[in-house]
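Here the structure comes first, spelled out in structure tokens, and everything after it is commentary.
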Amino acid sequence: MNFIEQIIEEDIRNGKNDAKVQTRFPPEPNGYLHIGHAKSICINFGMAEKYNGLCNLRFDDTNPVKEDTEYVDSIREDIHWLGFQWAKEFYASDYFDQLYLWAEQLINEGLAYVDDQTQEEISKGRGVPTAPGIESPYRNRSVEENLDLFRRMRAGEFPDGSRVLRAKIDMASPNMHFRDPIMYRILHATHHRTGDKWCIYPMYDFAHGQSDSIEGITHSICTLEFEVHRPLYDWFCEALRIHHPQQIEFARLNMTYTIMSKRKLLQLVKEHYVNGWDDPRMPTICGLRRRGYTPASIRNFAETVGVAKRDNIIDVSLLEFCAREDLNKTAIRTMAVLDPVKLIIDNYPEGQVEEMTAVNNPEDPEAGTRTVPFSKELWIERADFRENADKKFYRLSIDREVRLKYAYIIKCTHIVKDDAGNITEIHCTYDPNTKSGMPDSNRKVKATIHWASVQHSKKAEVRLFDRLFSAEDPDNCAEGETFLDHLNPNSLVVTEAWVEPTLTLEKAMAIKHFQFERLGYFYADPDSTEEKLVFNKTVSLKQ
RNA sequence: UGCCCUGUGGUGUAAUGGUAGCACAGCAGAUUCUGGUUCUGUUUGUAUGGGUUCGAGUCCUAUCGGGGCAACCA
């Protein structure tokens, strides 16, 4: 049981909030969701689900200059894809009228004032954490003057940045957020939902807690950087005498070899270091989806990393483990040769073709079987043959035997090289009595390798991904470097593969997740066409 | 040198005064028509010094380390 569950269970025991649980996931629609958000989503929706409560989706859209409906749509899609349904969909902008009224209320009670100082003056007046700030010369205006000025701010009489509404709290507080925080700023910008109705917009601190309050949120779960905002969150709820949700902070997710900053992710997209938000190398939900991660694997990952308050850096191999664990049980097996070299079975009859029976998923008998054509000339992986094989290598070599999966045991006789010394053909003989399923087929051989019939197989494009960054902590930069200096130049390698002939576009897009035997898990990319299938490598098999 | 949060194997996370457990990673072995899966075994840990207690990862205290806070961002 994590610490949030402990708090919630104690609240339920004490009958707080009528023993009900109501949470919310509150993204700002200014970017795409990433794996860190997935953790938050799983916590918020998970707590609601576990304690028979509800979870809302609320867009925290108080800054029109950064927000866009494109992001709203992607966020909705990603949450649904993860497998969660929100009770209600809200927007902080739904509450702009109420928020405005509450602002006037605080002005009337002498708890807020209009400040005419410039941004620099306000910043300077706030002081530094180790020393108190100084009060604004406009701090003690009359209620009437404040009300008049605030209404004229709303009416559009003043330019951007000329005035703000501030809460009157304590310029000497050791908590910087108490040094008369800004509640409203003037922004003559078109909002994605309210259009041009407003030219003043509330700040996060004057919108978030109240939005929670209006929705009857009981447990407002957020990340650690909002911890210092909590006293302010509490202060506004108390000052306004409204329902007071409990803010609880947990440590955000960090992962090795990846960046989670929305700003930097946006930069990668805008400056074309990656091919869009859904590039399979991105830690975004849509990127992971296109990479071939399943919702279950991501949900299980979120469960496995746990919830606590200490900073953490999760090993990316845990995410990969979660992918393999899920995909192993569900992915349909197929044979594909990514780095081909020709194998010729000298004693196999010219022109003969056999249909070999292959198992679709050894972990799931219900998945059935299929047939794969077998002939005299096959493609095998270049790495499955080694001329000078040591004891640790137990695949094909001259005079050595291996099994061709679902087919025969073969023995390598000789190889042919080109002038440059590259192997162009591997010759072997087969034992006709060792066909899979035959009585003599159980002879032990050290290895089984996969293959593709030269005359039957079809070509497909395969996109091989490696980590986007080569540094474990891309943000840990030497003097004069940025995270971009740690970009892995080999994070994307496009290659051509030979795949089974029965793998049609229709079949690939229906099945989606494949295991290319002995290689890894692959996902049928939406770029696939009838002419050319495209597969993304999700993750390799272990080892 | 203000305030807040936080220190448990390599990485995460449990243990709520009573045998430091689990997962990932690593290593070794068994099984296997995937060097996958499965199974077994195994290396590695309570930041440090005092104190309270029959007993401390847990409580007290001091020290040290990590993170956050000074946007008209969220």
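Every chain is numbered from 1, with letters handed out A, B, ... down the list of sequences.
- Within 4.0 Å of A:Tyr406, counting heavy atoms only, lies at least one base atom of the nucleic acid.
- One N or O on the side chain of A:Asp160 and one on the backbone of A:His188 form a donor-acceptor pair closer than 3.5 Å.
- The backbone N or O of A:Cys222 sits nowhere less than 3.5 Å from a side-chain atom of A:Glu249 that would complete a donor-acceptor pair.
- Not one side-chain nitrogen or oxygen of A:Ser123 sits closer than 4.0 Å to the OP1 or OP2 atom of B:rA70.
- OP1 or OP2 of B:rU8 sits under 4.0 Å from a side-chain N or O of A:Arg310.
- Within the nucleic acid shown, A:His229 comes within 4.0 Å of at least one base atom, counting heavy atoms only.
- Closest-nucleotide positions on RNA chain B for A:Asn63 and A:Lys39 were compared, and the one nearer the 5' end corresponds to A:Lys39.
- No hydrogens or angles were tested; on distance alone, a donor-acceptor pair under 3.5 Å links the side chain of A:Glu363 to the base of B:rG36.
- Residue contacts shown for A:Glu320 are absent, as no nucleic acid heavy atom lies under 4.0 Å away.
- Residue contacts shown for A:Val305 are limited to sugar-phosphate atoms, with no base heavy atom under 4.0 Å away.
- When each of A:Lys411, A:Arg403, A:Arg443 is tested with A:Asp431 by the rule salt bridge (Lys or Arg N to Asp or Glu O under 4.0 Å), just one qualifies, namely A:Arg443.
- Of the two residues contacting RNA chain B, namely A:Ser317 and A:Phe3, the nearest-nucleotide position lying further toward the 5' end is that of A:Phe3.
- A sub-4.0 Å separation between OP1 or OP2 of B:rC3 and a side-chain N or O of A:Ser173 is absent.
- Nucleotide B:rG2 has B:rC69 as its partner under the Watson-Crick or G-U criteria, with both atom distances under 3.5 Å.
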Query - Verdict with supporting geometry, A:Glu215 and A:Arg58, salt bridge (Lys or Arg N to Asp or Glu O under 4.0 Å) - result: CA-CA 10 Å; A:Glu215 292 173 23; A:Arg58 184 179 68 243; 3.2 Å; yes
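- Phosphate proximity of B:rC73 to A:Arg185: present, with a side-chain N or O under 4.0 Å from OP1 or OP2.
- Using a 4.0 Å heavy-atom distance criterion, A:Lys405 is classed as a base contact.
- Base pairing annotation: B:rU38 forms a Watson-Crick or G-U wobble pair with B:rA30, both donor-acceptor distances under 3.5 Å.
- When heavy atoms are screened at a 4.0 angstrom cut-off, A:Arg179 is found touching no nucleic acid atom at all.
- Closest to the side chain of A:Lys444, from the set B:rU34, B:rU11, B:rU32, is B:rU32.
- The side-chain tip of A:Lys197 does not point at the ring of A:Phe96 from less than 6.0 angstrom away and within 45° of straight on.
- Among the heavy atoms of the strands lying under 4.0 Å from A:Val307 are primed sugar atoms or P, OP1, OP2 only; no base atom is included.
- The CD1 atom of A:Ile313 sits 15 Å away from the C1' atom of B:rC24 (whole-angstrom rounding).
- Applying the ring pair (Phe, Tyr, Trp, His ring centres under 6.0 Å) test between A:His513 and each of A:Tyr523, A:Phe522, A:Tyr293, A:Tyr521 identifies A:Tyr523 as the sole match.
- With B:rG26, B:rC69, B:rU11 as the candidates, the nucleotide lying closest to the side chain of A:Lys542 is B:rG26.
- Side chain of A:Glu227, nearest nucleotide from B:rA70, B:rC5, B:rC24: B:rC5.
- Using a 4.0 Å heavy-atom criterion, one finds that A:Thr334 contacts no nucleic acid atom at all.
- Taking side-chain N and O atoms only, A:Arg518 has a distance below 4.0 Å to OP1 or OP2 of B:rG35.
- When rounded to the nearest whole Å, the span between CZ of A:Phe321 and C1' of B:rU38 equals 12 Å.
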